[in-house]
Every structure is written in C-alpha cells, then in structure tokens.
Amino acid sequence: MKRSVMVTSLVVIAVVVAFSLFLATRNPVNPTATEADSPLLGQPAPPITGPRLGGGATINVASDLGHVVVVNFWASWCGPCQVEAPNLSTFAWQERHHNVDVVGVVFNDTVDAAKAFAAHYGSLYPSVVDDGGVIANRYGVTSPPTTFVINAKGVVAATLLGAVTTRQLEAVVARVQLEATS
Amino acid sequence: MIVTWLGRAALYVCFVGAVGGVIEQARALRAHRTSHVRWWALGALGGIAAAVGVMEFALVTHNFALAYVAENNATFTPLLYSITGLWSALEGSLMLWVLLQSAITFGVLLYYRRDRDSPVVGWAAIVLLCVGAFFTFLMMGPADPFIHNAAHVLQGAGPNALLQDNPLVAVHPPLLYLGFVGFSVPFAFAIAMLVTGRVHERWPLEQRRWTVLAWGSLSLGIVLGAWWSYQVLGWGGFWGWDPVENAALLPWLTATAYIHSVIVQDRRGLFRVWNLSLAIATFALTILGTFFTRSGVLVSVHAFSSSTLGPILIGFFFVVVVVGASLLAWRGDRLRAPVGVDHPLSREGLFVANNILFVGFAIVVLLGTVFPLLYQAINGTQVTVGTPYFATVAAPLSVLLLVLMAIAPLVSWRSADAKVLWARTRVSAWTAILSVVVLLVAGVRRPAEVIAVFLAVLAAGAALRTLRGSLVAALRRGSWRSVLRAPSTGGMIVHLGVVVLALGIVTSTTYVTRSEVTLATGQRTVVDGQLVSFDGFHNINDALKSATQLKVSVDGHQLRPAITTFNGRGGTTVGTPAIDSNLARDVYVTFDAVGGTGNTSGAQVQSGLPTGSVVLGVTVEPLLAWLWLGGIVIGLGSALSFFRRRYAEDVT
Amino acid sequence: MKVLRSFSLWCVVLVAVAALAVALRPSASSAANRIAHLETLVRCPSCDDLSVAVSNATSAIAVRHEIAQKVHAGESDDKILTSLEDVYGTSILLSPPTSGLGVLLWIVPLLGVLLLIASALRLARRR
C-alpha cells in the first residue's frame with residue numbers, strides 16, 4: 001500500500017485523541033471504605049458494652065435507642081485507622097445534635113497504646129475497651145478499620161471496610177435514615 | 001522568604017534559558033547562520049542547578065520556611081535522607097527531572113558542537129529545550145516547590161516512612177529518571193530527521209548510543225526499584241504489576257524493541273520509518289508514565305499525591321504523539337527503504353518477530369493498566385487487573401523471547417540455513433536436554449522451572465558462542481582487549497544477564513514457600529529447611545524512630561526484623577523485614593505479631609499467645625539473589641554497548 | 001560423537017524427555033494446590049494490589065481461612081470466587097471477569113498482535 005504510513009499515522013492520531021480525552025477526564029481516586037455485604041445486615045445489632053477508654057461511665061449501646069449509631073472498630077497499630085481518625089471526630093462533632101452517635105471499639109490492642117492514640121487524634125467520641133475481643137467476635141470483625149452503621153431501630157444497616165471519609169459517612173448515614181423511615 | 005525568591009528566580013532563569021535557546025535556534029535556522037544555542041542550554045542548566053542547590057541547602061539545614069521542606073524533612077532526619085528529600089515528593093521530583101533533562105540537553109549539544117550548523121542538530125535542540133521548558137513551566141505554576149510556609153513551625157513532618165529506611169532511595173529515582181529523560185534524545189532527533197527529511201545520514205545510527213545509555217539506566221533503575229520494594233514492603237515480592245511499575249516498564253519495552261531494530265537499520269538500512277515511530281512512541285510512553293504516577297487517577301502504592309497536573313500532562317502526551325504522528329504521516333511514505341526482508345527466519349526476520357513481541361507486550365501492559373478506568377466508566381463498578389492477568393500474558397511472551405534469544409544471534413543475515421543453525425546450536429541443544437534430565441532426576445519437576453532452565457541454557461549458549469566468536473576474531477587482530485568494544489559483546493553480555501534474571505524470577509516465584517511460625521524467647525524451629533531461632537527483643541529509641549526489633553537467627557546469621565515507628569507525621573508505623581540472602585536462596589523474615597499484652601511500638605497483639613512469644617513470617621525464595629546479579633550483568637553489558645565500535649569500523 | 005550431530009536424534013530425545021517431564025510433574029488438583037491457586041486470584045481486602053496468598057494482613061488471613069474451608073467443603077473454584085465477589089464486590093478478584101467487558105482484555109491484545117504480524121508479513125512480501 002503506497003500510503004500505508006500516512007493511513008496508520010492518522011489512525012494512531014484518532015486513537016490517541018480519544019485516549020487522551022478519556023484520561024484527562026478521569027477524577028483522581030479518593031480512597032474511601034468499601035461497603036461490604038456482611039451477614040449482619042438486616043439483623044439486630046449485637047450488644048456493645050464495656051469499660052470506657054480513659055475511664056468513666058461504662059458504655060452500653062442499647063439496641064433500641066431511637067437514633068443512628070456509627071460503630072467503628074479501630075486499633076493504634078492500624079495505619080488506615082490513623083487516616084480516618086480525624087474524619088470520624090469531624091463527623092461526630094458535626095452530628096452531635098442530629099441524633100447520630102459515634103462509638104469506637106478498641107480492636108486487639110493494649111489500653112495504653114489505645115489511650116495514647118485517642119489522645120493524639122483528639123478523639124471526640126467515646127470508645128469501648130473490648131476485653132477478650134468479645135464484641136469484635138460478635139460483629140465478625142477480622143481487620144480494622146471496620147465501621148458499622150446501626151439504624152434507629154437497632155438493626156445493622158451498613159458495613160464499611162477500610163478508612164472512611166466524612167463525606168462517605170454523611171452519605172451512608174443519610175441513606176440509612178431514609179431507608180428506616182420508608 | 002529569601003529562600004522562596006532565590007529558588008523561584010533560579011527556576012525562571014532555567015525557563016528563560018530554555019525558551020531563549022529555542023528562539024535563538026529558530027532564528028539561526030531561518031538565517032542559515034551558526035547557532036549559539038548551547039550557551040542558552042548552559043544557562044538553563046545553571047538555573048536548575050542553582051534551584052536544586054537552594055532546595056538541597058534548605059533540606060540539609062532543615063529550613064522550614066519552605067512548605068516543601070516542612071512536609072518532607074524534620075530536624076532529626078539523617079543527612080542522606082535530607083538529600084534524597086529532593087525527590088521524595090512530587091514538586092521536588094520534577095526538579096530532579098529538569099536537572100537531568102537540562103544536563104543531557106547541554107551534554108548532547110556539546111557533543112555535537114562540530115555539527116551545530118546541521119539543521120538536524122538544530123531541530124533536535126529546539127525539541128529538547130521545549131521539553132525542558134515544559135517541565136520547568138510545571139514548577140512555575142501548579143507544582144511550585146518553593147512555596148513559602150507562612151506558619152512558624154519548629155518541626156517538620158519528615159519524609160514518608162518508606163522513603164527513609166533504605167539507602168536505595170538515593171539511587172533508584174536518579175537512575176530511573178536518567179532513563180526516562182534519556183529517551184528524549186532519540187525522540188528529538190527523530191522529530192528533527194522527519195522535519196528536515198534527512199533520514200539517510202548518520203543520525204539514526206548515532207541515536208543507538210544515546211538509546212543504550214537511557215535503556216541501561218532505565219533497566220538498572222527498574223531492577224533497583226524492584227530490589228528496594230523487596231527489601232521494605234514486607235511481602236517478599238519484588239514486582240506487583242502496579243500502575244506506576246507498569247508505567248516504567250512500558251517505555252522500557254518499546255526501547256528494547258528499538259535497540260534491536262536499529263541494529264537492522266545499521267546493517268541493512270531497513271525499518272527506517274518503524275524506528276522513527278518507536279523513538280517517538282518510547283518518549284510518549286515516558287510522558288504517559290509520569291501522568292500515571294502524578295495524576296492520582298490510578299491507585300498505587302508508589303504514586304505521588306494526586307494533583308492538578310493530570311490534564312496538563314495528558315495534554316503534553318497528546319501534543320507529543322500528534323506532532324510525531326503528523327510528521328510521520330507527512331514524510332513517512334517517502335522515507336521507506338526500497339528493499340524488504342528476504343526471509344522470515346533470517347536475522348532480520350527474527351528481529352521483526354522480536355519487535356512484534358515487545359511492542360505486543362507493551363500494548364497488553366498498557367491495556368491492563370488502564371482497563372479498570374475503562375471498566376468503571378462503562379459499567380460503573382470497580383475491577384482490579386492484577387498479577388494473574390499480567391503473569392498469564394507475560395509467560396508465553398517470555399518463552400517466545402527466550403527462544404528468539406537462543407536462535408537469532410546464530411542465524412545469518414538475509415538467509416536462513418537450517419544446517420548451519422543446527423551446527424551452531426548443537427552443543428547448547430544437547431546441554432539443555434542434559435540439564436533438564438538432571439533437574440528431573442533431582443526432583444525439580446514443576447513445568448515452569450523445567451521449561452525455563454531448558455530455554456535459559458539455549459539462550460546462554462547462543463550468547464556464549466557469539467562472544468567466543470568475537471574473542472577469536474579479536475585475538476586474530478592481535479589484541480584480546482578489542483573484544484570489549486566489538487559490536488555484539490555488550491549485547492551478548494546483556495543477554496546473559498537477562499538469562500540469569502529470568503532464571504531468578506521463575507525459580508523464586510515457582511518454588512516460594514511462605515509460613516508463619518510462633519516462637520517463644522529462646523525457642524528454635526526448622527521452617528522449610530531453615531533453622532530459625534528467636535532470642536528476644538531489642539528496643540531502639542532515638543531521635544529518628546522507635547523500633548521493636550526481634551533478635552532472630554537464621555542458619556546462624558543474625559537478623560533483626562522489626563516494627564518501626566518514625567517520628568513525625570503523627571508517627572507512621574511500618575514493618576521492617578530482615579533478609580538472609582545467598583546465591584542459593586533468600587530467607588525473608590517479618591515481625592507479624594506479638595503475644596500477650598506486650599507493649600510494643602505498634603506490632604499487632606495476639607492476646608491468645610503467651611507474653612514474650614512472637615509470630616514470625618518466614619518466606620523462603622530460592623535463587624532470588626539471581627535477579628540482582630542479572631541486573632548488574634545487564635548494566636555492565638549496556639555500558640560496554642555504549643562504548644562499542646560501529647559496525648563499519650569493525651569491518652574495515 | 002558423530003551420532004550427536006543428528007538433529008532428528010535430538011528431536012526424538014527432546015520429545016522423550018518432554019514426555020517424561022509431563023509424566024513426572026506434580027499433580028495440580030490436590031486440595032493444597034487448589035487452595036494455593038485460588039489464593040493468588042483473590043485480592044487482600046485492605047491492600048491495593050496484593051493477593052491474599054502473599055499478604056499477612058488480618059483480613060487476608062481471614063479470607064485464606066474462608067477459601068480453605070470452602071475447598072475442603074467440596075465447592076468448585078468458580079463457586080468460591082463468586083461467593084467472595086458477593087461479599088466484597090467485583091474488585092476483590094485480581095483478574096477481571098472473562099464475560100462481558102472483561103473479554104476485551106483478552107481479545108484486544110490478540111487482535112493487536114495479529115495486526116502486527118499482518119503488517120510484518122506485508123513488509124516481508126515487499127521484495
């Protein structure tokens with residue numbers, strides 16, 4: 001073919017135009033947690049009781065509270081937990097008058113390390129010390145950070161694996177509240 | 001504030017130097033007069049060198065008036081990691097890039113100063129300076145390294161934990177960038193040849209040398225990167241088909257194709273247009289690679305933080321490809337060689353096969369890397385394209401490439417004579433079968449390993465035979481030393497390095513064993529044939545970091561796997577693996593968990609285990625050290641190839 | 001040795017040795033091998049691109065246990081992978097699905113290579 005180089009070049013240009021436009025319009029990845037389809041979904045939330053980290057009144061997240069509870073399993077040695085800690089505090093503070101509570105559960109960690117972590121990140125929500133990993137077992141948590149959203153009826157409505165962002169929590173909680181009223 | 005203005009001024013000098021050089025060269029071309037472009041290039045080099053000097057000084061003196069220093073350095077950062085802080089984050093890495101680009105531009109113009117009246121050199125200068133100007137422009141706008149830090153901070157965040165616990169951070173990025181930047185030279189000359197229409201002169205052959213320099217640096221850079229991730233990431237592997245890793249592999253693949261097909265152009269004047277396309281494609285792929293690394297569009301453990309650079313870099317990629325392809329469309333058909341390949345199994349024919357395999361491999365890797373983006377755009381769900389896909393595709397391609405390595409060096413140009421080929425391959429062929437029998441008898445029976453050894457012996461045989469031929473010819477000429485600069489010596493040594501590397505890769509991945517052992521203090525056990533004992537804890541607490549080390553001994557050698565928390569940045573905790581390495585096998589030990597309520601700096605606690613016992617991850621990988629050995633041999637071979645005599649000199 | 005000069009003899013010996021190698025190769029269908037193979041296909045849920053075979057994260061260990069359980073329970077490879085997909089989403093598999101859009105990933109490289117071969121043949125025919 002006499003003009004094969006020209007034809008090939010024009011085809012290449014067309015492909016590269018499409019390819020470049022495609023790549024130029026991709027949004028940077030925002031690392032967020034993945035929603036998992038855990039067996040607890042739709043089930044009544046297992047009880048969460050235990051001593052409060054840092055002392056004070058025992059925490060007891062009773063099942064039928066009338067408001068949404070975000071339960072976050074974390075540990076001081078877990079990297080993504082460090083990333084999400086400020087987000088959880090921001091969210092907890094934001095929602096403190098909107099009937100949404102945030103409760104942390106210490107996962108597989110020493111009390112001292114957990115206290116240091118909470119102090120360092122200025123945790124604005126209470127955390128439960130999980131002696132013997134009983135609560136973690138009930139919730140089937142194998143790796144932090146794992147976050148559960150319990151709706152106003154005390155049923156587990158969402159499970160998130162990985163570090164959460166504030167916006168993600170807002171979206172999930174809004175959805176859970178909507179589903180609970182329908 | 002002074003630091004900020006000094007640094008920015010230096011960057012402006014660099015930019016002015018590059019743009020001024022382009023204008024000067026353009027005028028010189030129009031007026032047919034001698035160009036003084038290389039002094040402008042020197043000015044640009046001076047500018048970026050000064051900027052680098054300012055930044056390094058700020059890093060070494062921990063000057064937190066610069067936001068970049070506050071984010072990547074701390075008062076307790078050791079000198080080495082302060083210096084490497086220059087390229088530990090996005091803005092600084094661009095400075096390293098421009099420094100190398102300006103140095104290479106000036107170097108090339110100096111090298112060709114006697115040809116500075118040639119329009120080819122002139123146009124190449126324009127292209128090189130434009131590339132430098134583009135990257136400098138990035139730093140004058142969206143990626144400013146000299147942003148002033150208004151807050152009066154007493155302490156910086158320190159570098160990323162994984163960038164300060166291994167000295168390889170000092171060599172991997174510079175070598176890698178030298179490779180990427182080096183490919184701008186063949187690209188610039190390809191554009192120049194197309195614009196001026198002068199493809200028939202000596203310029204294509206000159207490019208082989210610069211391409212070998214860039215290719216050698218890139219190969220070393222990639223191997224060192226693999227070695228570095230192996231030593232720090234904790235999973236015992238060295239390559240994850242991660243988007244940023246693939247980004248470095250893509251130009252390497254097309255560059256390897258180019259190095260081979262340029263040999264054919266050297267000997268027989270074929271493939272002129274194809275070689276120009278490969279030169280353009282290789283450089284375009286390095287730009288695409290920087291896009292993947294710096295745009296944040298693909299998830300990667302190696303990526304720099306996402307930024308607004310994405311669309312700008314894609315824009316530059318687009319310009320590079322469109323300019324190159326348009327020039328090819330305009331000139332290409334007139335530049336083609338009148339002759340063709342005589343026989344598909346002649347040396348030329350096998351080089352064609354080589355190019356098909358390498359370019360095909362590049363297409364597949366590119367597709368696999370961007371596929372998750374395509375899938376999400378069309379289907380809305382996330383997919384991952386990981387090792388299983390790439391390995392499945394890479395395996396048959398590697399087998400075919402090894403076959404080519406075993407045959408092509410022994411085949412003649414222009415014709416294919418089976419008898420002659422058999423006569424030259426006989427010894428290796430029988431040795432290969434013998435090796436396989438020995439393996440089978442010794443119990444090594446996994447098909448991947450058997451095939452790899454068989455092909456490796458054949459490929460090594462071809463390389464050794466060719467080397468022997470060159471040595472004999474050199475001795476006949478009176479000096480054995482002249483074999484070092486013989487045309488095929490460097491290449492054959494690179495082939496030998498590749499064979500060693502390939503054997504290392506196949507053996508370590510086929511016969512890897514991973515186990516977790518729980519040991520109490522003073523206890524020892526045998527894991528996969530290795531005697532492992534745990535002798536207690538050792539805590540380190542200094543200005544830079546706090547670490548809990550485990551005193552482990554493997555086969556009598558002391559290792560210290562640890563969990564390390566680096567001060568700064570809220571205290572990032574990373575696992576520090578320990579490796580016992582010899583030519584036969586690597587034993588890779590990680591500190592996975594500690595028992596009881598042990599107070600450690602960040603290790604996972606398993607309350608089911610008694611206090612004072614630990615869980616160790618032990619991975620045994622045979623022949624893993626062959627990868628690094630192969631890499632060194634490849635580097636040596638490239639160096640020899642850089643200095644090799646031209647084919648024409650050899651014949652006369 | 002003159003007999004070693006014969007290419008046909010070498011071919012015969014090669015075929016014989018290859019047959020021997022095939023006969024001696026370790027069996028691929030034992031439970032341990034199936035588990036090991038499946039582990040390389042599943043991504044560790046809390047990592048970016050490591051498979052559960054190589055990662056030591058707790059989530060990876062949990063998935064490894066799940067796979068081992070299911071293999072011993074007699075489930076087929078496909079069923080195990082699909083059930084993991086249901087729990088963790090499509091991105092948990094390291095190799096995209098071969099049906100639907102994923103087919104592209106296998107077809108395009110094939111087409112690309114065929115295209116390259118075709119152009120090379122055209123090049124060869126121009127004498």
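In the text below, chain A, chain B and the rest are named by the order of the sequence lines, each starting its count at 1.
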Taking every heavy atom of R26(A) against every heavy atom of A377(B), the minimum-distance pair comes out as NH1-CB, 3.6 Å
CG of L288(B) to CZ of F19(A), rounded to nearest 0.5 Å, is 5.0 Å
So, the part of S326(B) with a heavy atom under 4.5 Å from chain A: the answer is both
Only one of V321(B), I280(B), L328(B) passes side-chain contact (heavy atoms from CB on, under 4.5 Å) with V12(A), and that residue is V321(B)
If one checks every heavy atom of L313(B) against chain A at 4.5 Å, the contacting part turns out to be neither
Between the CG atom in L374(B) and the CZ atom in F22(A), the distance rounded to the nearest 0.5 Å is 4.0 Å
Residues passing the ring-ring contact (aromatic ring centres under 6.0 Å, His included) test with F187(B), sequence neighbours excluded, are F283(B)
Closest non-hydrogen contact found for P311(B) with A24(A) is CG-O, 4.1 Å
Applying a strict 4.5 Å limit to non-hydrogen atoms, the region of V17(A) in contact with chain B is both
Practice problem: Kindly indicate whether the side chain of L23(A), heavy atoms from C-beta on, has any atom under 4.5 Å from the side chain of F317(B). | Solution: no
If one checks every heavy atom of V322(B) against chain A at 4.5 Å, the contacting part turns out to be both
In V16(A), I13(A), L21(A), the residue satisfying side-chain contact (heavy atoms from CB on, under 4.5 Å) with F318(B) is V16(A)
